[in-house]
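Sequence positions, counted from 1, serve as the residue numbers for this chain. Since this is a predicted model, take the numbers as computed values, not measurements. Each ligand, and each atom within it, is numbered from 1 in the order the structure gives.
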Amino acid sequence: MFRIAVLISGTGSNLGAIINAVETGYLRCKISAVISDHSGAGGLKLAEGKGLDTFVFSGKTTSDNIFEVVKEDTDLIVCAGFLSILKGKLLEEFHNRIINIHPALIPSFCGSGMYGMHVHQAAIDYGVKVSGCTVHFIEPGVDTGPVVLQRTVDVLYTDTAEDLQKRVLKEEHIAIVEAVKLISKNRIAVSGRKVLIK
Ligand code: GRF
């Protein structure tokens, strides 16, 4: 069974989408761990309620602590609203095996400081007509790895950042599940910056 570890920092709605997809059989995966860098993350309660193993790590050793949890038997690490920057051995040993969901169309509105509502406010302030979400592989740096898939939404003239966030989040829940499904079925090939869906 394809084993995934899900990293969260907040509500965990993307985690919830993955859990639902596993429960319906759409994803043939086992969620082997839910790991957060914030003990108050709502997603931890969701995970515990489903009987999933949870861990909380924070500070300078977060990446190393995560590596100790995942190193033996994890096929894919899924950052689902995880705010800490991963580094070190974890990135080396899990090259092209860590994905992240970003609530914008990378390379727009991404990078340091661009998370959560900041992203959507920047899109509204810029006046873009479309936005969306991106699933990408994680590499050293922030939001820089190869793009696995993207989904778009219209941005309406009357939209607030909250309106846009709600619309994008619905697409995130689809995108994160699709990306896990493709990778679990070995339908992704990475060549440099480009990702082929086989
Ligand atoms: C999502 O908008 C995600 O794109 C961003 O953080 C948010 C997490 O939301 N990285 P949730 O915790 O999955 O509800």
Side-chain angles (χ1 to χ4, degrees), residues 4-23 27 29 31 33-50 52 54-58 62-63 66 76-87 98-125 128 130-139 141-155 159-181 183:
I4 64 174
V6 184
L7 278 50
I8 61 167
S9 296
T11 316
S13 70
N14 278 281
L15 169 64
I18 295 168
I19 290 172
N20 291 343
V22 170
E23 288 179 341
L27 278 184
C29 299
I31 302 171
V34 174
I35 302 171
S36 184
D37 55 359
H38 178 47
S39 59
L44 287 172
K45 289 186 178 46
L46 170 63
E48 285 151 14
K50 295 288 183 181
L52 300 174
T54 60
F55 303 83
V56 178
F57 301 122
S58 60
T62 296
S63 288
I66 292 170
L76 178 69
I77 299 171
V78 182
C79 293
F82 188 69
L83 296 179
S84 295
I85 303 299
L86 300 177
K87 58 181 191 285
I98 310 176
I99 58 173
N100 180 51
I101 177 100
H102 182 74
L105 299 174
I106 288 175
S108 295
F109 312 117
C110 66
S112 180
M114 275 292 162
Y115 60 89
M117 201 59 78
H118 299 294
V119 174
H120 304 297
Q121 191 60 61
I124 295 291
D125 294 347
V128 294
V130 290
S131 190
C133 60
T134 302
V135 179
H136 63 96
F137 285 110
I138 284 192
E139 290 186 340
V142 182
D143 300 332
T144 55
V147 172
V148 177
L149 56 85
Q150 295 183 302
R151 292 183 66 88
T152 61
V153 299
D154 289 334
V155 182
D159 273 343
T160 63
E162 290 74 14
D163 296 329
L164 182 55
Q165 183 203 34
K166 285 192 184 72
R167 197 171 305 127
V168 170
L169 197 56
K170 287 197 181 93
E171 297 305 318
E172 290 179 44
H173 296 164
I174 298 168
I176 196 74
V177 168
E178 283 310 304
V180 172
K181 189 174 181 79
I183 295 168

Under 3.5 Å, sequence neighbours excluded: what are the donor-acceptor pairs made by side chains of residues 103-125?
residue: Gln121; atom: NE2; partner: Asp125; partner atom: OD1; Å: 2.8

Short side-chain donor-acceptor distance under 3.5 Å, Ser13 and His173: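 There is such a pair between these side chains.
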
Answer with yes or no whether the side chains of Asp37 and Ser9 bring together a donor and an acceptor at under 3.5 Å.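 Note: Ser9 and Asp37 side chains meet the donor-acceptor criterion.
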
Counting C-beta onward and ignoring hydrogens, is there a side-chain heavy-atom pair between Val130 and Val153 closer than 4.5 Å?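 Val130 vs Val153: side chains apart.
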
Around atom NZ of Lys50, are there more than 12 heavy atoms of other residues, nucleotides or ligands at under 6.0 Å?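 Not buried by this count: 12 neighbours or fewer within 6.0 Å.
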
Strictly under 4.0 Å, does any heavy atom of Ile8 approach an atom of ligand 1?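 False for this residue.
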
Touching ligand 1 at all, Gly43? Heavy atoms, strictly under 4.0 Å?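 Not so, Gly43 does not reach ligand 1.
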
For ligand 1, is there an N or O atom under 3.5 Å from any N or O atom of His102?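 Between His102 and ligand 1 (N or O atoms, distance only) the closest approach is not under 3.5 Å.
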
Any N/O pair Ile101/ligand 1 closer than 3.5 Å: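 Yes, since at least one N or O of Ile101 sits under 3.5 Å from an N or O of ligand 1.
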
Minimum non-hydrogen distance to atom 12 (O) of ligand 1, winning option of Gly81, Gly12, Ala104: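 When every heavy atom of Gly81, Gly12, Ala104 is considered, Gly12 comes closest to atom 12 (O) of ligand 1.
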
Is it true that Asp154 and Arg167 make a salt bridge, defined as a side-chain N closer than 4.0 Å to a carboxylate O?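 No salt bridge links Asp154 with Arg167.
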
Looking only at protein heavy atoms, which one is nearest to [atom], and what is the separation?
atom: atom 14 (O) of ligand 1; value: Ser13 OG, 2.5 Å
atom: atom 3 (C) of ligand 1; value: Glu172 OE1, 3.0 Å
atom: atom 9 (O) of ligand 1; value: Asn14 ND2, 3.8 Å

